[in-house]
Asks: 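This structure is in structure tokens; I'll ask about it shortly.
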Amino acid sequence: MKNRDYPLYHYLPKLEHIRQMIEQKAVSVPDEIAFRYMVRHRTLVEKSYREFYQEVRWLGAYLLKRGVHGRKIALMGENSYQWLLSYFAIVTSGNVAVLLAREQTAAEAGVLLAQSEADVIVTSAACRPIVEAGKKKLGRVRLMCLEDIEDWMEKGRRFYERGRSKYDRIVPDPDRLATIFFTSGTSGTSKAVMLSERNMTSDINFAVQNFCPTEGGVMAVLPFHHAFGLVTGVMMPFHYQRPIFINSSLADFMKEIPIARPGTLFLVPLFVETFSKTIWRTARKQGQEKTLRRGMALSNALLKVGIDQRQKIFQSVLSKFGGNLQYIICGGAALDPRYVKEFRALGVEILNGYGITECSPVLSVNRNHYHRDGSVGQVLPGVSVRIANVDEQGIGEIQVRGDNVMMGYYRDEASTEEAFEDGWYRTGDLGYLDRDGFLFITGRAKNLIILANGENVSPEELEQMILRIPEVAEVVAYEEDKAITAEIFPDSTEISEEEARAAIEAGIKQLNSELPNFKKIHKIRFRTSEFEKTATRKIKRYQVHQNP
């Protein structure tokens, strides 16, 4: 199909609340596979839609039997089927799920627990010491361990089957507070984002009209405590009725992808960049770099005349990703368009999207057969976007309205009020809309480098250029002493650190020769360790100077 406008997808029922989503699948396709995952790296377990709904009900019945209703329940643990069971049981039993990152320290967890006023904590054994230390200042808090979930479900099943369960009598309220997500904190303190069931189901309803995955399944890789990982990476595929393989850990990703054989992946740019470097590094080691480049040139030439031989030409490359991969939905940060072109030549379409936790999270995404390189796609139907305070280049702040926009920040009226302008949510991101409704992101307002001569420079734009130097693994650009500085963590996988630094300096010199004077990079600062990152692999920019 040619890259041009076509009707939205309208084949899925509209969701009003989360319980409806899991009930629908349990009734319409009870025996189809909902989730797949590995146990102890050896045994593949599959759960049907009927089994999942049954277990959610039993777990919900157990919570209600224990008197847990209308409570804020913190959930902290590794991505797992048990984590998902707990989340859905918490929300559909009339409680509020407070989602914590398992990477947090005890001090950070303590702050967020106090901030959210959670008085029940569900955690994995691995995270229990963090939670135990973090809850010391909170007084009496009920602690429950995910490893006991089978016992909880069995007790809930008996109670449910005796007809004493209150679970089925809970009336879903789409507008009540359902989940508290914490923002990633790339620029400082995390905020507690309040999302209702309507916020999340609206975003699902909107997004599934723009994009439709292939018949193959989905591999859930991103952390579930983040809106992108949970709403986009799990709930949307669930609604699409695509089997979801739950990746055990990032360390097991490449081992498990041949088992998962996904048709679609939801990822952040760091994954794509790593995939690309791995593909080229492998080709060089095997003496196949020129062959790979010729194959991509041939692939692109054939595509121009309507012939697609990518699966055949690049079978050895695609087999590393399970052999079925057709789409990568990429969001969370900027992605250089060169990766989109590169993977398209190989047979995988990368569709950039844009979202923010406060908007549940997706605002725009490129479509299967209508996409624009360099953009983050068309704004979702049901979402209104305006570009405010536009400059002479037509760039301004992206502001949003719609049922997907958050209820506000928990117990933080000042921040909530500051986040809105005339009823529009202020994303803080800068960009513009083209005449076809494609959204382009140019940077983030608070990161903007404002030079003494009044020129504004987007650090994200410079970082994207610098990352094209092969020896650059990570980079952050900023202003220091009235000069643009690039702080770089070199990639010395194949060469010495000294050789990598020399290559980077030469690359920056070449880049500067192509840049206007006000954008030239005047300082290079090398790091000996990676930048500190959030759970979604975004660099914590506010800590850049603290850990060189």
Asks: Any chance the side chains of Q378 and Y370 put a donor and an acceptor closer than 3.5 Å?
Replies: no
Asks: Just by distance, do the side chain of T274 and the backbone of L270 share a donor-acceptor pair under 3.5 Å?
Replies: yes
Asks: Using side chain to side chain donor-acceptor pair (under 3.5 Å) as the criterion, list what pairs up with K519, not counting sequence neighbours.
Replies: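 So K519 forms a side chain to side chain donor-acceptor pair (under 3.5 Å) with E461.
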Asks: Does D491 form a salt bridge (charged side-chain N to carboxylate O under 4.0 Å, His left out) with R281? I'd like the steps, not just the answer.
Replies: CA-CA 12 Å; D491 181 355; R281 185 178 295 129; 3.3 Å; yes
Asks: Kindly say whether M76 contributes a backbone atom to a donor-acceptor pair with the side chain of T123 at under 3.5 angstrom?
Replies: yes
Asks: Are Q82 and E147 packed together at the side-chain level, in the sense that at least one heavy-atom pair is separated by less than 4.5 angstrom?
Replies: no
Asks: So, S248 versus E256: side-chain donor-acceptor pair below 3.5 Å or not?
Replies: yes
Asks: Indicate the atoms forming the closest heavy-atom contact of G374 with P337, along with that distance.
Replies: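 Heavy-atom minimum between the residues: CA-CG, 3.8 Å.
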Asks: So, does T264 use its side chain to make a donor-acceptor pair with the main chain of P213 at under 3.5 Å?
Replies: no
Asks: State whether a side-chain donor-acceptor pair under 3.5 Å links E342 with W280.
Replies: yes
Asks: V476 and E463: side-chain contact (heavy atoms from CB on, under 4.5 Å), yes or no, with the steps?
Replies: CA-CA 6 Å; V476 172; E463 289 159 7; 4.0 Å; yes
Asks: If we only count heavy atoms from C-beta on, is the I356 to P361 side-chain gap below 4.5 Å?
Replies: no
Asks: What I want to find out is whether K191 reaches E358 closely enough, with some N-O distance under 4.0 Å, to be called a salt bridge.
Replies: no
Asks: Working note: K523 + E487, criterion salt bridge (charged side-chain N to carboxylate O under 4.0 Å, His left out); need CA distance, chi angles, decisive distance, verdict.
Replies: CA-CA 8 Å; K523 293 183 182 179; E487 189 162 324; over 6 Å; no
Asks: Do any N or O atoms from the side chain of D391 and from the backbone of Q393 form a donor-acceptor pair under 3.5 angstrom?
Replies: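 Yes; at least one donor-acceptor contact below 3.5 Å.
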Asks: Return yes if some donor-acceptor pair links the side-chain N/O of K277 with the main-chain N/O of F275 below 3.5 Å, else return no.
Replies: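 Side chain of K277 to backbone of F275, a donor-acceptor pair under 3.5 Å: no, none is there.
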Asks: Can you find a pair of side-chain heavy atoms, one from T282 and one from V317, that are under 4.5 Å apart?
Replies: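 T282 does not reach V317 side chain to side chain.
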Asks: Are any of the side-chain heavy atoms of I398 and L430 separated by less than 4.5 Å?
Replies: no
Asks: Using every non-hydrogen atom in the two residues, find where L100 and A74 come nearest and quote the distance to one decimal.
Replies: CD1-CB, 4.2 Å
Asks: Would you give the length of the straight line joining atom CG of L292 to atom CZ of R284, rounded to the nearest 0.5 angstrom?
Replies: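 Taking CG in L292 and CZ in R284, the distance rounds to 10.0 Å.
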Asks: Of the non-hydrogen atoms in A207 and M236, which two are nearest, and what is the gap between them?
Replies: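 That would be CB-CE, 3.5 Å.
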Asks: Side chains of E273 and S276: any donor to acceptor distance under 3.5 Å?
Replies: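 S276 vs E273: no donor-acceptor pair found between side chains.
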Asks: So, the side chain of T179 versus the backbone of A97: is there a donor-acceptor pair under 3.5 Å, distance only?
Replies: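 No.
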Asks: Should L515 and L462 count as side-chain neighbours, where that means a heavy-atom distance under 4.5 Å?
Replies: yes
Asks: Output all residues satisfying ring-ring contact (aromatic ring centres under 6.0 Å, His included) with F343, sequence neighbours left out; order by chain, then residue number.
Replies: none
Asks: Tell me, do L267 and I350 make a side-chain contact under 4.5 Å, heavy atoms counted?
Replies: no
Asks: Charged N to carboxylate O under 4.0 angstrom, R242 versus E215?
Replies: yes
Asks: Atom CG in L298, atom CD1 in I307: separation rounded to 0.5 Å?
Replies: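 Answer rounded to 0.5 Å: 9.5 Å.
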Asks: So which atom in V122 and which in S86 form the shortest heavy-atom distance, rounded to 0.1 Å?
Replies: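 Closest approach of V122 to S86, heavy atoms only: CG1-OG, 4.3 Å.
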Asks: Is there a side-chain contact between I180 and V193 in this structure, where contact means two heavy atoms from C-beta onward sitting under 4.5 Å apart?
Replies: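 No, too far: nothing below the 4.5 Å cut-off.
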Asks: Where does the angle between the aromatic ring planes of F211 and Y240 fall among parallel (under 30°), tilted (30 to 60°) and perpendicular (over 60°)?
Replies: perpendicular
Asks: If you measure only the distance, is there a donor-acceptor pair under 3.5 Å linking the side chains of E460 and S458?
Replies: yes
Asks: Closer than 3.5 angstrom, by distance alone: can the side chain of D308 be matched with the main-chain N or O of R310 as a donor-acceptor pair?
Replies: yes
Asks: I need the minimum non-hydrogen distance between N79 and V221, along with the two atoms involved.
Replies: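 Scanning both residues completely, I find the closest heavy atoms to be ND2-O, 3.8 Å.
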Asks: Taking K509 first and then E505, would you say they form a salt bridge - that is, a charged N and a carboxylate O separated by under 4.0 Å?
Replies: no
Asks: Determine, using ring centers only, whether H369 and Y6 are less than 6.0 Å apart.
Replies: yes
Asks: Begin from the C-alpha positions of E397 and R426 and carry the test side-chain contact (heavy atoms from CB on, under 4.5 Å) through to its verdict.
Replies: CA-CA 7 Å; E397 183 184 37; R426 304 176 58 195; 3.2 Å; yes
Asks: After noting the C-alpha distance and the side-chain angles of T105 and I130, does the key distance pass the side-chain contact (heavy atoms from CB on, under 4.5 Å) rule?
Replies: CA-CA 6 Å; T105 64; I130 300 171; 5.9 Å; no
Asks: Is a salt bridge present between E474 and R527, judged by a nitrogen-to-oxygen distance below 4.0 Å?
Replies: no
Asks: Take F518 and I449 through the side-chain contact (heavy atoms from CB on, under 4.5 Å) test and state the conclusion after the steps.
Replies: CA-CA 11 Å; F518 72 92; I449 298 171; over 6 Å; no
Asks: Do the side-chain N and O atoms of S124 and E78 include a donor-acceptor pair separated by under 3.5 angstrom?
Replies: yes
Asks: Quick one: do the Y37 and N247 side chains pair a donor with an acceptor below 3.5 Å?
Replies: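 No.
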Asks: Tell me if a side-chain donor or acceptor on N324 pairs with a main-chain N or O of G216 at a distance below 3.5 Å.
Replies: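 It does not hold such a pair.
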Asks: Less than 4.5 Å apart, side chain to side chain, heavy atoms only: is that true for N368 and Y9?
Replies: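 They are in side-chain contact.
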Asks: Can you give me the closest heavy-atom contact between F266 and P237, atom names plus distance?
Replies: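 Minimum heavy-atom separation between F266 and P237: CE1-CG, 3.8 Å.
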Asks: Is the terminal nitrogen or CZ of R372 (NZ for Lys, CZ for Arg) located under 6.0 angstrom from the six-membered ring centre of F440 and within 45° of that ring's axis?
Replies: no
Asks: Using a strict 4.0 Å threshold on nitrogen-to-oxygen distance, state whether K341 and D336 make a salt bridge.
Replies: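 Result for this pair is no, no salt bridge flagged.
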Asks: With side-chain hydrogen bond (donor to acceptor under 3.5 Å, both in side chains) as the criterion, how do Y478 and N447 come out once you've worked through the C-alpha distance, each side chain's angles and the decisive distance to 0.1 Å?
Replies: CA-CA 8 Å; Y478 51 85; N447 297 339; over 6 Å; no
Asks: Test side-chain hydrogen bond (donor to acceptor under 3.5 Å, both in side chains) on Q311 and Q315 and set out the steps.
Replies: CA-CA 5 Å; Q311 291 290 325; Q315 183 181 10; over 6 Å; no
Asks: Looking at K47 and F35, would you say the former's side chain and the latter's main chain have a donor-acceptor pair under 3.5 Å?
Replies: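 Judged by distance alone, no pair lies under 3.5 Å.
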Asks: Among L346, V348, I279, which residue meets the side chain to side chain contact (heavy atoms under 4.5 Å, CB included) test with F321?
Replies: I279
Asks: Going by salt bridge (Lys or Arg N to Asp or Glu O under 4.0 Å), name the pairs with one or both residues in residues 34-44, residues two or more places apart or in two chains.
Replies: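 Sorted result for residues 34-44: R36-E46.
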Asks: Is a salt bridge present between R501 and E497, judged by a nitrogen-to-oxygen distance below 4.0 Å?
Replies: yes
Asks: Parallel, tilted or perpendicular: which one describes the rings of W83 and Y87, with boundaries at 30° and 60°?
Replies: parallel
Asks: Is a side-chain donor or acceptor of N352 paired with a backbone partner of G331 at a separation under 3.5 angstrom?
Replies: no
Asks: Return yes when atom NZ of K533 has more than 12 non-hydrogen atoms of other residues, nucleotides or ligands closer than 6.0 Å, and no otherwise.
Replies: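 Counting neighbours around NZ of K533, more than 12 heavy atoms of other residues, nucleotides or ligands fall under 6.0 Å, so yes.
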